[in-house]
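To keep things clear, I will list the structure first and then write my remarks on it.
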Amino acid sequence: VANVLEFRALQKLQSTYTDALPREVNPRTGRIHTTLMQAVTATGRLSSNQPNLQNIPVRLEQGRLIRKAFVPEEENSVLLSSDYSQIELRVLAHISGDEHLIDAFKHGADIHTSTAMRVFNIEKPEDVTPNDRRNAKAVNFGVVYGISDFGLSNNLGISRKEAKAYIETYFERYPGIKDYM
């Protein structure tokens, strides 16, 4: 099964990027130009298409290699990569007044690691696994957008009972957010 999954992931990278991106090269400039749009997402974030450069996976080594193909046109130029850095959670911290969320942001903590520690009862940041962090991220953003235990269980591949417990624990550990919601 692992080999099949790896093959599918590599095949997707090949068909979506290594085979497709060369066809996106502008004949006049010899470069790839994406279109950035802000009005198409519900969150107001920028969306990239034709081609969508935001979906090139960063977690896979092969995805990171594909990203290395993008270089500035001139030696003294740079490519800019930016992120709102959990803007929804920063706004939630502000409007809910939740002291724990505010404290995490004030101290520059990785917010998803911080949430994983609080929701999954993990004592030290170094004990939070990548999977714990991913699950906490799903809980953080799920709560912001009003996810149900059903939706969270589907997103994380866990039982509804477990998802419900995550949401309940989240609200216990972040009472300001519970009061606001």
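As the structure is a prediction and not an experimental result, all values here were calculated from the model. Index from 1, following the sequence.
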[Y] reachable from [X] in the ILVMFWY side-chain graph, under 4.5 Å edges:
X	Y	answer
Leu65	Leu13	no
Ile32	Leu79	yes
Val139	Tyr145	yes
Phe105	Ile95	yes
Leu21	Val71	no

Practice item. Evaluate the criterion side-chain contact (heavy atoms from CB on, under 4.5 Å) for residue pair Leu152 and Glu162; output intermediate values, then yes/no. Key: CA-CA 9 Å; Leu152 186 61; Glu162 194 174 3; over 6 Å; no
Of all residues at least two apart in sequence or in a different chain, which pass the side chain to side chain donor-acceptor pair (under 3.5 Å) check with [X]?
X	answer
Asn49	none
Ser48	Thr34
Thr129	Asp132

Exam field: side chain [X] to backbone [Y], donor-acceptor pair closer than 3.5 Å:
X	Y	result
Ser114	Asp110	no
Gln50	His33	no
Asp98	Gly176	yes
Ser77	Glu73	no
Ser153	Phe150	yes

State the [atom1]-[atom2] distance between [X] and [Y], to the nearest 0.5 angstrom.
X	Y	atom1	atom2	answer
Gln11	Asp19	CD	CG	10.0 Å
Asn140	Arg133	CG	CZ	9.5 Å
Lys137	Thr113	NZ	OG1	11.0 Å
Ile56	Ile66	CD1	CD1	6.5 Å
Arg160	Ile167	CZ	CD1	10.0 Å

Review point. For Arg67, which residues count as a salt bridge (charged side-chain N to carboxylate O under 4.0 Å, His left out) partner, sequence neighbours excluded?
Key: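 Arg67 satisfies salt bridge (charged side-chain N to carboxylate O under 4.0 Å, His left out) with no other residue.
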Study note, to complete from the structure: For residues 172-181, the side chain to side chain donor-acceptor pair (under 3.5 Å) pairs (sequence neighbours left out) are Thr115-Tyr174, Asn121-Arg173
**Study point:** Residues Tyr17, Asn55; criterion side chain to side chain donor-acceptor pair (under 3.5 Å); working and verdict
**Key:** CA-CA 10 Å; Tyr17 301 109; Asn55 285 351; 5.2 Å; no
**Study point:** Donor on one side chain, acceptor on other, Tyr166 and Asp149, under 3.5 Å
**Key:**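 Short answer, no.
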Review point. Any chance NE2 of His94 has more than 12 other-residue heavy atoms, nucleotides or ligands included, within less than 6.0 Å?
Key: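 12 or below, so no.
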Check your understanding: For Glu123, does the CD atom have more than 12 heavy-atom neighbours from other residues, nucleotides or ligands under 6.0 Å away?
Key ->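 No, CD of Glu123 has 12 or fewer neighbouring heavy atoms, counting only those of other groups under 6.0 Å.
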Minimum heavy-atom distance [X]-[Y], with the two atoms named:
X	Y	value
Pro72	Val78	CG-CA, 3.8 Å
Val25	Gly30	CG1-C, 3.4 Å
Met117	Val128	CG-CG2, 3.5 Å

Can you tell if the side chain of [X] reaches within under 4.5 Å of the side chain of [Y], non-hydrogen atoms only?
X	Y	answer
Leu46	Met37	no
Pro175	Ile177	no
Arg64	Glu61	yes

Point to revise | Pair Leu101-Ile111, side-chain contact (heavy atoms from CB on, under 4.5 Å): steps then yes or no | key: CA-CA 8 Å; Leu101 198 56; Ile111 198 64; 3.3 Å; yes
Practice item. Decide side-chain contact (heavy atoms from CB on, under 4.5 Å) for Ile147 and Phe141; before the verdict, give the C-alpha distance in whole Å, the side-chain angles of both, and the deciding distance to 0.1 Å. Key: CA-CA 8 Å; Ile147 201 166; Phe141 286 113; over 6 Å; no
Review point. How far apart are the C-alpha atoms of Thr169 and Phe120, what are their side-chain angles, what is the distance that settles it, and do they pass the side-chain contact (heavy atoms from CB on, under 4.5 Å) test?
Key: CA-CA 8 Å; Thr169 302; Phe120 308 137; over 6 Å; no
Revision key, fill the gap. Residues pairing under salt bridge (Lys or Arg N to Asp or Glu O under 4.0 Å) where one sits in residues 21-37, two or more places apart or in two chains, turn out to be none
